[in-house]
Structures are given as C-alpha cells and as structure tokens.
Amino acid sequence: MEILVCVKRVPDTAENEIEINSEGNDIERDDLVYSVNEWDNYAVEEAIQIVDKVGGSVTVVTVGDEESEEVLRREMAMGAQNGLLLTDDGFEGADGKGTASILAAAVKKGNYDLILTGAQADDGAAEVGGMLAAMLDYPYASLVNTIETQDGKLKVGREVEGGNQDMYEIELPCVLSIQTGINEPRYVGIRGIRKVASVEIPEYGASDLGIDASSVGGDAAKVKRMDYFMPEMGEGAEMLEGSTEEIIEKLIEYLKAKGGLK
Amino acid sequence: MDFAFTKEQLMFKKEIIRFAKKEIVPRVQEYDLNEAFDFESFRKLGDFGILGLHFPETYGGSGADVVTTVMAGEALGEAGVDGGLTLAYGAHSFLCADTILRHATEEQRQRYLPKLISGEWIGCMGLTEPDAGSDVASMKTTAEKKGDKYVLNGSKIFITNGPIADVAVVYAKTDPSQKHAGISAFIVEKGTKGFAAGAPLIKMGVRTSQTSELFFNNCEIPEENLLGKEGEGFNMSLQTVEWDRSALLAPFVGAAKYMLNSCADYARKREQFGRPIGKFQAVKHKLANIRIFAEASQSLAYKIAWCKDQGRPLNHLEAAVAKLFVGDWSIGPANDAMVVFGGYGFCHEYNMERIFRDSRLAPIGGGTSDIQKMIISKII
C-alpha cells in the first residue's frame, strides 16, 4: 500500500511559553522551539505499521519552508521511506483551504492508496484533512483510532462522544485523520537518524505542482485571523468549605443540580 | 576547530530530551524518595539505544562517536533525569560494558555485550576497596590461579549497580607482590558461588542508583573470564577513567542546564515587590553564575569527547581538569539554583535540592578533586 502522511512543523507547546506579539495578531515566534505536530507522529507510526504488515511504502509530505525539512527527516527516521517538501514563496500565508489545495496537487502527482493526516495541529483548526478529501473527491473519516486493512478497503474505528466507538468500512483510496492513542509512536534513535541523513528530499514548488501560487497563498486566503488574545480570567472555582461530611453533601447537591448525578 | 554539532546530533539530542521528559522524568521524584532503582526506565534507555550508543552495531549498539555519546548524557540531565539513573547508566555502559568491548575476546563480547546493550543485564565495575580508594595499587583482593580456574578473595566498596548487577568487571591482584603491575581484570557473573553483594548504602545524593560492597569468598571463576592478560588490569582501569570524566560527567553538565531553564522560568513567573524576581540584579547574577558554569563545564566535557574521537589514546589532563571543575565548581551554581526558588528550592518537589545533592558526588566519585589536582600538577 502506498501511503502519504501529511505532517506539519509547529511550535512545541511543551517547550515554549506562548506569548502574544505586540501587534496582537500572532504569537511571538522569535525564540520558539519547533517540532513535528504531535498528532502527525501517530499518523506516521500507523502508516509504518500498515506497510510493515502489507508492504508498500510511506511518504511524508509537508507544506512549509526550508526549515520544515527537519520534521520530514525526523519522520523518515521513524521509518517513512520518502519525504516530499512543498515549498514556494507564494505559498506563504496560505489558509487551511490553500494548504489543502497544495496537498491535493501533490497527491494527484503521486499514486497513493491512502492519505493520512493528524486529527489536528497544535496551531491549526483541524480543517485540512476534510478539505483535502473533498478536493480529491475521496471518502474521509476523521478522528480515526483503529485501522484494519482489508482487500481494497479499510475497516476503521472512530472515536465519538461519550467514549463510544463507531466502526466503518471505507474504500481506498481515502483520507483519514488520525487521533492520538491509536498506537505508541516510536522514538527516533541515532541509527534511524543516520540512515536518512543523506536521503534526498524532493522539493516541489507551485509550477511543479501545476498550481497558481496566487490562488493558494496568503492573498487568496478566505479565512483571516482578526484578533489573537489570551482569554480573560473567568470566575474562579468555588472552594467548598466545612467538615468532610458537609463538603460531600454540598458536592453531591451540586452534581445533582448540574446533571452529573441522577 | 569546529564547535558545531551536526544536524543529526541536534535532532538526536532533541529526541532524547523528548523521550526522557515523557518516559522517565515523571517517575524521578518517586524513585528518589524511595531510594529505589528504576528498572523500567533503565530498560527503556536500552530500548531507545542509549545504553549501547558507542558500541558497534554487531553487538546491538549504534556505532555513535564519543561526542554523540556525551551529548546523550547531557541531554538526559537537561531533560531532568536524576543523577542516580544517569550514574547507573554510566557505570553500566562505560565502566563495565566498555571494558568488555575493549579487552574481551570475541566470545566474551558475544556473551555479554548484546545483553548489556539491550539492558537485559545490568553491569558494574569493582575497583575501589575499603583500603584502596585513590591508591588503587594497594588493593587487597586477590585472584589465585588454580588449575583452569581463578579463585577470588577480598571485597570491594562503593560499587555503583553492585546490588543489582548481573555482570561485574572486577579488578584483583594476580600477583600480590607487585603494585600496579599485579592487577588483573575479570568478569564475574551474578550467582557465582562465593560472590555476593552487600545491602545498598544510604547516600546523600544519586539515591536511585544502588551502591554496595561486593564480597568474594573463595569465589571460583573459569580462567577464560580473565580480561586480556594478567597484569593488564591497571591500564584498563585508566582507560575507563576517561569515560568516568567525560560521559559520566555529561549528565551533570545537562543538570546545570536543567537548573538554568527551571530558574529562568521561575524567575519570570514569581513576583515579589510588584515585579518578577528575575528583574532583580541579585537573581540575574545567580542565573548568570549557573549559565557560566554550564557553558564552561560543557566545553570541558566535550573537549575530552573530541580528543577521544580524534583517536588520542589517553587524555588525562583534559579529563582531570573537567572532573575537577564540574566537581568543585558545581556547588556554587547548584546552591544558587536552590536559592532562586527560595523555600521551594529546599523542598523535594521542585527538584533543585535533589540536583544539589546529586552534584555532591562529582568531587568524590571516580577520583576525588584532590587526586585530580595531583594529576594536573604532575603534568605541569
């Protein structure tokens, strides 16, 4: 099975103190540490496991600048065979639809049976997976947390409200957005890193992909961020006081009133 | 001269920090409080390839250079892994397994290295004795050749991993009439009759590492367990000293960075007199002190690594200077870090007091600061 996994370089929320910039339209990006989006690691791990089972190859792709090569190489060190960097000055400022259009063009240039994305990105809106499927006219399932390969189709499980699970059969080729917890993504050791250190990663710009950069970049963005701010501190939590018995009684009363206990 | 790390090294370092923060660091406080060895984290270090970084791939290692190996130790410290686990790793990989790699026969390597590198077996090294600390040549443990066996008698002390080790590299005198030249090295396996480890010693710091005495009471081992030739033991122990003073020091360098990051973060958030304490010169200077120590000790540790990668056989001056500097000069910055945190710095939950305690091993273990000064002054 030929699998394409879409990944993204994002500010590492575990490593950074996120602050709003002085213009109030973005976060302060000067000193940020970047990593691969956490959800994407699960998608890549799943792709590698599928290929281990049924054969084929995994390609990781990203839309970004030169610095995004680092995340591609990291995912290749996990075990993806190929990387693909979609980069063009004209892509800058692309919104979700623009990004999905660029990815769709890359999918059409290849011959993939399965496209995976992370369920969402740390700094995104969880929109690219669905849009990509629509543009390709491929079937789509979001929040996938189990995949079983079958002949020409997949059996996938989706996480739904209330801890419930949906099971679907979905025909290939398709797009799936992968939820964390589907597997345990492997760490990347020095051997894996060395193995991919000199593998060439092809770069495709707008003309290679046969798209007009002005139709996908910042100028064409139909969604624009208007404001960016830390939410105001709300009312604090209520501290229950009194003896243990009194606290328990009050707590039960609240839980009943709010529907937590029936 | 090139001070730059490769892209691959930097990617690996980032990954180790990520791995350690997720898999090991959340467990550190509990194990430190209980003075318990964290077997699970140790095995994870094995799975991740840390235990065998510089070993050839034929034995399950990663074939990394020394700089990358030192970087791994630094990264563990920087992520917040305690000095006890990193010491256990150091004693295991550099004092035990590396000696086997360098001096054992192919058969011995095949028997021990894959299991040590994967973490299935734990290794230790028995050199120090109650009456032979800095003065190694006065060791009293003997190994007497009897037929096709050696019979070991004597005891060792302060042996990191002693109580939990499956394999020990043990130094003993095959010729007690001689000093250095009478020392030989042996491999002794757990369960060998006449070989026992004492109860773990209670220590000020590096408390998750298990340290004990080793006892040899008419302990018979097959003659093929001799490492190298008779009388070569002292030189083998000298080679491990370099590792002792580079790769084993690296986690202390990383710990300085961990202190620096923690203190900078705290100084930004903690407010007194209406502003963050990081705005006060007294706190700024403490952060600067920690930074200076981190920078200097990092340079010294990597210098030894670089020398080893260049194929320079023994680098005693570099090793002694690094060991002495990290040992003696860490007390100021480690103390500063506790003080930046105020009352919290003195509490276990904030990790600064643990790092202070852990760092106190550095001027003592693996050759005291006084011995380092002696070595340095001799070379001058």
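Letters go in sequence order (proteins before strands), and every chain restarts at 1.
- In terms of the salt bridge (Lys or Arg N to Asp or Glu O under 4.0 Å) criterion, residue partners of B/Lys44 (sequence neighbours excluded) are, by chain and number, B/Glu23, B/Glu40.
- Comparing B/Arg18, B/Lys22, B/Lys7 by how many heavy-atom pairs each has under 4.5 Å with chain A, the most go to B/Arg18.
- The local environment of CD in A/Gln165 is crowded, with over 12 non-hydrogen atoms from other residues, nucleotides or ligands closer than 6.0 Å.
- Remark: B/Lys21 NZ is packed, more than 12 non-hydrogen atoms of other residues, nucleotides or ligands lying under 6.0 Å away.
- Heavy-atom contacts from other residues, nucleotides or ligands closer than 6.0 Å to CD of A/Glu92 number 12 or fewer.
- Atoms OH and CZ, from A/Tyr187 and B/Phe19 in turn, are 6.5 Å apart once rounded to the nearest 0.5 Å.
- Here side chain to side chain donor-acceptor pair (under 3.5 Å) pairs that include residues 58-87 of chain B, with residues two or more places apart or in two chains, are B/Gln9-B/Thr68, B/Lys13-B/Glu78, B/Tyr59-B/Glu106, B/Tyr59-B/Arg109, B/Asp65-B/Thr68, B/Glu74-B/Lys257, B/Glu74-B/Gln298, B/Glu74-B/Tyr302, B/Asp82-B/Thr208.
- Contact annotation for B/Leu53: only side-chain heavy atoms (C-beta onward) come within less than 4.5 Å of a heavy atom of chain A.
- Annotation for A/Arg186: atom CZ counts as buried by contact number, over 12 foreign heavy atoms lying within 6.0 Å.
- Other residues, nucleotides and ligands contribute only 12 or fewer heavy atoms inside 6.0 Å of the CG atom of A/Asp89.
- Enclosure of atom CD in A/Glu184 is not indicated, since only 12 or fewer non-hydrogen atoms of other residues, nucleotides or ligands lie within 6.0 angstrom.
- Considering all non-hydrogen atoms of both residues, B/Gly63 and A/Arg194 come closest at O-NH1, 3.5 Å.
- Interface with chain B: from residues 31-50 of chain A, residues A/Val33, A/Tyr34, A/Ser35, A/Glu38, A/Asn41, A/Tyr42 qualify, criterion being any non-hydrogen pair under 4.5 Å.
- Between A/Ile190 atom CD1 and B/His54 atom NE2 the span is 14.5 Å, to the nearest 0.5 Å.
- Between the B/Glu15 side chain and the A/Val188 main chain, a donor and an acceptor come within less than 3.5 Å of each other.
- The stretch residues 266-277 of chain B participates, sequence neighbours left out, in these side chain to side chain donor-acceptor pair (under 3.5 Å) pairs: B/Asp265-B/Lys269.
- Within 6.0 Å of CZ on B/Phe5 lie more than 12 heavy atoms contributed by other residues, nucleotides or ligands.
- Between A/Glu70 and B/Lys14, at least one side-chain nitrogen of the basic residue sits less than 4.0 Å from a carboxylate oxygen of the acidic one, meeting the salt-bridge criterion.
- A salt bridge links B/Glu57 with A/Arg191: at least one charged nitrogen is closer than 4.0 Å to a carboxylate oxygen.
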